[in-house]
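Below is one structure, written out as structure tokens; comments come after it.
Counting starts at 1 for both ligands and their atoms, following the listed order.
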Amino acid sequence: MCGIIGYIGKRQANPILLDGLRRLEYRGYDSAGMALQHDGGLTVLKRAGRIDNLRKLVAETNPQGHAGISHTRWATHGAPTDVNSHPHLDRSGKLALVHNGVIENYQPLRDWLISEGHVFVSETDTEVLSHLAGYYYDLSTEKDASKRLAAAVQQAVRRIKGTYGIAAIHTDAPDVIVGARLGSPLVVGLGQGEHFLASDVSAIVAYTKDVVYLNDYDVVTISSDSYDVQSQEGGSASVTVSRVDFTQEDAEKGDFPHFMLKEIYEQPQSIRNALRGRLSRDEATAVLGGLQLEPRELRDISRIILSGCGTAYHAGMVGEYLLETIARVPTEVEIASEFRYRNAPTEKNTVQFVISQSGETIDTLASLREAKRKGMRVLGIVNNVASTIARETDGGIYIHAGPEIGVAATKSFTSQVTVLTLLSLLFGRIRHLSSTDGLEMIDELEAIPDKIATILQQADHIKTIANKYANAEGMLFMGRQINYPVAMEGALKMKEISYIYASGHPSAELKHGVIALVKPDLPSVFLAPHDAVFEKNISNIEEVKARKGPVIAVATEGHPHIERVADEVIYIPRCPSILSPLLTVIPLQLLAYYVAVARGCDVDKPRNLAKSVTVE
Ligand code: AGP
């Protein structure tokens, strides 16, 4: 997944493009580049590596121009080299284009263009698109260069199989930028005497909060004082101007060294935001109007499928326990990329919830579309407002976690679990849950943010533990019942930012093979809150200790005897077992964070990863 930003207006473009790329770097950071309109020509600057490499080049050359496009890359086709960096040019060298997405049929198109005499300099699929747009531009007889560019882009993308979010400029049309999208997000920023194009609003929220989210197949032409959106069929597309609901500061690190740490510490507030306006004490239930379902329709739902990837999948795993325990609704959780091909048998009255922080994950989008193809109602549990997934669902629940910039998901996980808890309360109260039980759950949910704040006060203790085990060659994460998914999530956090091999397992699975890995320099992290399976967890811990494996335990305060068996203990406040994932995950987030810092890893931009996976 990559990041795009374009600017046209009264100001010099290059500082705005660089600033936007910095805010988009979490989307991909293999290489970066920009193309500026200036004096009838194009200035193209691009560099492999982090955006700072491009920044240095821009500082050396100080390129002028009031219109430009730029790109930060997560490589799909072609290694991250200068030549493969975007923007890419057409045959004439007059058209420049940046692209987020994958062109699945780029090879036959490339072969055809070569047969037409085109010469390619990169290994990328995107260069095929820039040549294709240039091909149609050169064929056109349209006199108005702006319309000619828009038409050429429209014709080029019609031949694409795959996904794209693009921005293009041409020296014949110095006063416009053309954008188009299919499957990759693109938003228009509306300024005074200036307009923007970006992959997401965090790149432009410093300049404008008024935006238009483009739909699939839209083609937009922006100038300094206007924008025009054409639909696939041609003719003006309907547009809605939205107001961004967060500030530039929300999308900044503030005093934190990393976005990830800031987002871990935001969790008391982000959970309050997820709960706000959604708890009814009068009816002892949750209020989730975004589902757009009446109580009778909710009552008729006989099965729920939860679908997502990575952390969102782990939240769904917790959701399965929540919905089946609290609401007694048969629930299954699916890895989105598997569901889309599995052709699962489905029954009537089955609803699929797709869970996604970015709302752009292509595997989750595909799961959504497969469920709809099978006639299911599909609802979203999404963070990114107006994202592709949010807009294709039949309704849903925004988690209101605010921008999550760190590649490792943290606050989005706890907010997704919070929303799934609200959903379970709503379904439970429609079925069998008493108002007393409902009120008790509301009380316990409202107490969670302060309990998380208490855990965060143990950061130094957790940092000490992290430093002690930072050189481990591997880590096992163990949990039972509703904390098994949290063990999976803790392992994912650890592996994706510290690069230590880590795996999550149900504790009882130890003796079915996992314990073969236990040895003195391979720590096991146990989630052992004081619940119905606490003693079973203690037994598992003792099995590890008997083989000299170090044990880090997350346990409930007030039960110190776990210190007899565990080498390290991180205590969490008491809470009902069914809500414990909201607490047990916090120490694991901090543990992964501090281990990664101790190992000198790039916490916010781990190698090989991007924040949202919009390519298959
Ligand atoms: C989790 O830390 C990773 N960033 C990754 O697994 C992520 O959860 C997954 O790609 C799903 O992203 P989404 O929630 O934006 O759909």
Side-chain angles (χ1 to χ4, degrees), residues 1 3 26-29 74 183-185 199-200 202 258-261 263-264 267 270 306-319 333-340 352-369 378 380-393 396-399 401-417 419-420 477 485-486 488-499 502 504 585 588-593 596 601-616:
M1 185 208 45
Y26 70 94
R27 298 173 64 91
Y29 29 88
W74 186 75
S184 295
S199 300
D200 77 40
S202 62
H258 298 102
F259 278 108
M260 181 180 178
L261 191 62
E263 289 150 11
I264 289 171
Q267 289 178 107
S270 53
L306 303 172
S307 171
C309 301
T311 290
Y313 169 68
H314 296 152
M317 289 173 72
V318 176
V333 60
E334 295 267 2
I335 291 180
S337 57
E338 288 298 303
F339 177 79
R340 68 178 295 196
Q352 177 165 136
F353 283 86
V354 288
I355 306 169
S356 177
Q357 188 285 129
S358 63
E360 300 298 344
T361 300
I362 196 146
D363 289 323
T364 309
L365 183 59
S367 175
L368 178 161
R369 290 171 177 169
V378 183
I381 296 176
V382 177
N383 191 32
N384 194 346
V385 172
S387 56
T388 304
I389 288 173
R391 290 188 291 164
E392 291 202 15
T393 53
I397 313 161
Y398 281 122
I399 68 171
E404 186 176 70
I405 309 296
V407 165
T410 49
K411 63 177 181 175
S412 61
F413 174 77
T414 48
S415 292
Q416 287 161 355
V417 170
V419 163
L420 286 160
F477 289 76
V486 183
M488 297 282 286
E489 175 59 12
L492 175 58
K493 291 287 92 61
M494 186 60 72
K495 73 181 85 168
E496 72 174 325
I497 63 172
S498 74
Y499 314 144
V585 77
L588 306 191
Q589 295 171 345
L590 287 169
L591 184 68
Y593 172 78
C601 297
D602 189 334
V603 171
D604 285 333
K605 298 190 279 291
R607 69 186 182 203
N608 307 337
L609 294 177
K611 181 60 183 171
S612 167
V613 181
T614 57
V615 295
E616 293 187 57

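Taking the side-chain hydrogen bond (donor to acceptor under 3.5 Å, both in side chains) definition, one finds that Ser307 meets it with Ser367, sequence neighbours left out. For Glu338, the side-chain hydrogen bond (donor to acceptor under 3.5 Å, both in side chains) test picks out no residue, with sequence neighbours left out. For Tyr593, the ring-ring contact (aromatic ring centres under 6.0 Å, His included) criterion is met by His258, not counting sequence neighbours.
Judged purely by distance below 3.5 Å, without hydrogens or angles, the side chains of Gln352 and Glu334 never pair a donor atom with an acceptor atom.
With salt bridges taken as basic N to acidic carboxylate O contacts below 4.0 Å, none links Asp602 and Arg607.
The closest side-chain heavy-atom distance from Glu489 to Thr311 is below 4.5 Å.
The protein residues lying under 4.0 angstrom from ligand 1, judged by non-hydrogen atoms, are Cys309, Gly310, Thr311, Ala312, Ser356, Gln357, Ser358, Thr361, Val407, Ala408, Ala409, Leu492, Lys493, Glu496.
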